[in-house]
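Okay, structure first, notes after.
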Amino acid sequence: MLNSSSVVASGLAFDSDVRALIVTAHPDDECMFFAPVILRLVEMNADVHLLCLSEGNYYNQGAQRKKELLNSCAVLGIPASKVTRVDHEKLPDDPSAQWSISLVSSLVKKHIRAHSFNMVLTFDGRGVSGHANHTAIHTAVSHLASTGQVPDDCCLLSLETVGLLRKYLSLLDLPFSWMSPSHLCCVVGPEGFGKAKGAMFCHRTQLLWFRYLYIFFSRYMLLNTFQMIPRGPSNLKIY
């Protein structure tokens, strides 16, 4: 494992005034998938906020999962005052539910404008795990980008989905990530991995046996690679 943390950015300009918004679908997404970039941004003294678009109530555990989310974010360095969790009947925690893209777009746009974010990070079109709620967020943010509803100074980035083998190579995936073109690559060392693991352990309701395997073998606990979400015309179905 690496002895230090690192960030490599291609075509991106970082300054001391990074105001970043992480947009997720469920409590635990922030640490399962985005821990490396959150930890690195916090380390760089960026102003990091989280927008979680459901309460995680698939098994009627919403109240408990809210507490778990806030505890997890505290471990990652995001205070409760910068965490927003949406509870909307049209955005249920359900892989079979079709989220309203117009609603998600509206919520994300409102949050961007309210806080003047200049960086938004979310899932790509495959959503890492293929979860329909994850991919709906990407569709919504892509819609905002393609229709010019995001300020020009706001950078939109999507977390790269990799194949199953690479997903569970842990740090052994690092050479592949370095060689593959990306706009942003974040890697954490032992201390960062310890925080990512600690954040995961905050989600007690989600710690089924296979999640322990995920914690120790998933590359997303150690490194993130992002691609830029393109702006300009795009054929998107908005509903």
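No hydrogens, no waters, no symmetry mates; every other heavy atom, side chains included, goes into these values.
For the atom pair D87 CG and K66 NZ, the distance stands at 9.0 Å (nearest 0.5 Å). Separation of atoms NE2 (H138) and CG (D124) is listed at 6.0 Å; rounding is to 0.5 Å. Atoms CG and SG, from L41 and C186 in turn, are 6.0 Å apart once rounded to the nearest 0.5 Å. If you take CD1 on I137 and CG on D29, they are separated by 7.0 Å, rounding to the nearest 0.5 Å. Distance check: M228 CE to S182 OG gives 10.5 Å after rounding to the nearest 0.5 Å. N224 CG to F34 CZ: the interatomic distance, rounded to the nearest 0.5 Å, is 7.5 Å.
Scanning for side chain to side chain contact (heavy atoms under 4.5 Å, CB included) contacts around Q61 gives Y59, R65, T205, Q206, with sequence neighbours left out. With sequence neighbours excluded, the residues forming a side chain to side chain contact (heavy atoms under 4.5 Å, CB included) with D94 are Y58, P92, S96, A97, listed by chain and number. Applying the side-chain hydrogen bond (donor to acceptor under 3.5 Å, both in side chains) criterion to Y212, with sequence neighbours excluded, gives no partner residue. For V42, the side chain to side chain contact (heavy atoms under 4.5 Å, CB included) partners two or more places apart in sequence, or in a different chain, are I38, V48. Judged as a ring pair (Phe, Tyr, Trp, His ring centres under 6.0 Å), and not counting sequence neighbours, F226 has no contacts. Partners of K90 by side-chain hydrogen bond (donor to acceptor under 3.5 Å, both in side chains), not counting sequence neighbours: none found. Partners of L172 under the side chain to side chain contact (heavy atoms under 4.5 Å, CB included) rule, at least two apart in sequence or in another chain, are L169.
Here the shortest heavy-atom pairing between A199 and C31 reads CB-CB, 3.7 Å. Of all heavy-atom pairs spanning N133 and A25, the tightest one is CB-CB, 3.8 Å.
Considering only heavy atoms from C-beta on, F176 stays 4.5 Å or farther from V162 through its side chain. L159 is not listed as a side-chain neighbour of L121, based on a closest heavy-atom distance of 4.5 Å or more. Residues H183 and C155 are not in side-chain contact: their nearest non-hydrogen atoms beyond the backbone lie 4.5 Å or more apart. Counting heavy atoms from C-beta on, the side chains of S170 and L222 come closer than 4.5 Å. With contacts defined as side-chain heavy-atom distances shorter than 4.5 Å, the pair H143/Q149 qualifies. Proximity of L91 to L107: side-chain heavy atoms (C-beta onward) are separated by under 4.5 Å at one or more points. Between K110 and L51 there is no side-chain heavy-atom pair separated by less than 4.5 Å.
Applying the salt bridge (Lys or Arg N to Asp or Glu O under 4.0 Å) test to every pair with at least one member in residues 73-84, sequence neighbours left out, gives these pairs: D47-K82. Under the salt bridge (Lys or Arg N to Asp or Glu O under 4.0 Å) criterion, no residue pair touches residues 196-215, with sequence neighbours excluded. The salt bridge (Lys or Arg N to Asp or Glu O under 4.0 Å) contacts involving residues 158-172 comprise R166-D173, where partners must be two or more places apart or lie in separate chains. Sorted by first and then second residue, the pairs that involve residues 50-64 and meet salt bridge (Lys or Arg N to Asp or Glu O under 4.0 Å), not counting sequence neighbours, are E55-R85.
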Got a list of side-chain donor-acceptor pairs under 3.5 Å for residues 69-78, not counting sequence neighbours?
unit_1, atom_1, unit_2, atom_2, d
N71, ND2, K67, O, 3.3
S72, OG, E30, OE2, 2.6

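Remark: the backbone N or O of R19 is paired with a side-chain donor or acceptor of N118 at under 3.5 angstrom. With hydrogens and angles ignored, the 3.5 Å screen pairs no side-chain donor or acceptor of S106 with any backbone N or O of S102. In this structure, T135 contributes its side chain and A132 its backbone to a donor-acceptor pair below 3.5 Å.
Atom CG of D152 has 12 or fewer neighbouring heavy atoms from other residues, nucleotides or ligands inside a 6.0 Å radius. Enclosure of atom CZ in F201 by more than 12 non-hydrogen atoms of other residues, nucleotides or ligands within 6.0 angstrom is indicated.
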Could you walk me through whether I229 and V120 pass the side chain to side chain contact (heavy atoms under 4.5 Å, CB included) test, one step at a time? CA-CA 10 Å; I229 296 176; V120 175; over 6 Å; no

Side chain to side chain contact (heavy atoms under 4.5 Å, CB included), that's the test. Do H88 and S100 meet it? Break it down for me. CA-CA 11 Å; H88 196 290; S100 167; over 6 Å; no

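Between H134 and H26, the ring planes are tilted. Angles from 30° to 60° get that label.
L223 and L165 end up in different hydrophobic clusters when Ile, Leu, Val, Met, Phe, Trp and Tyr side chains are linked at under 4.5 Å.
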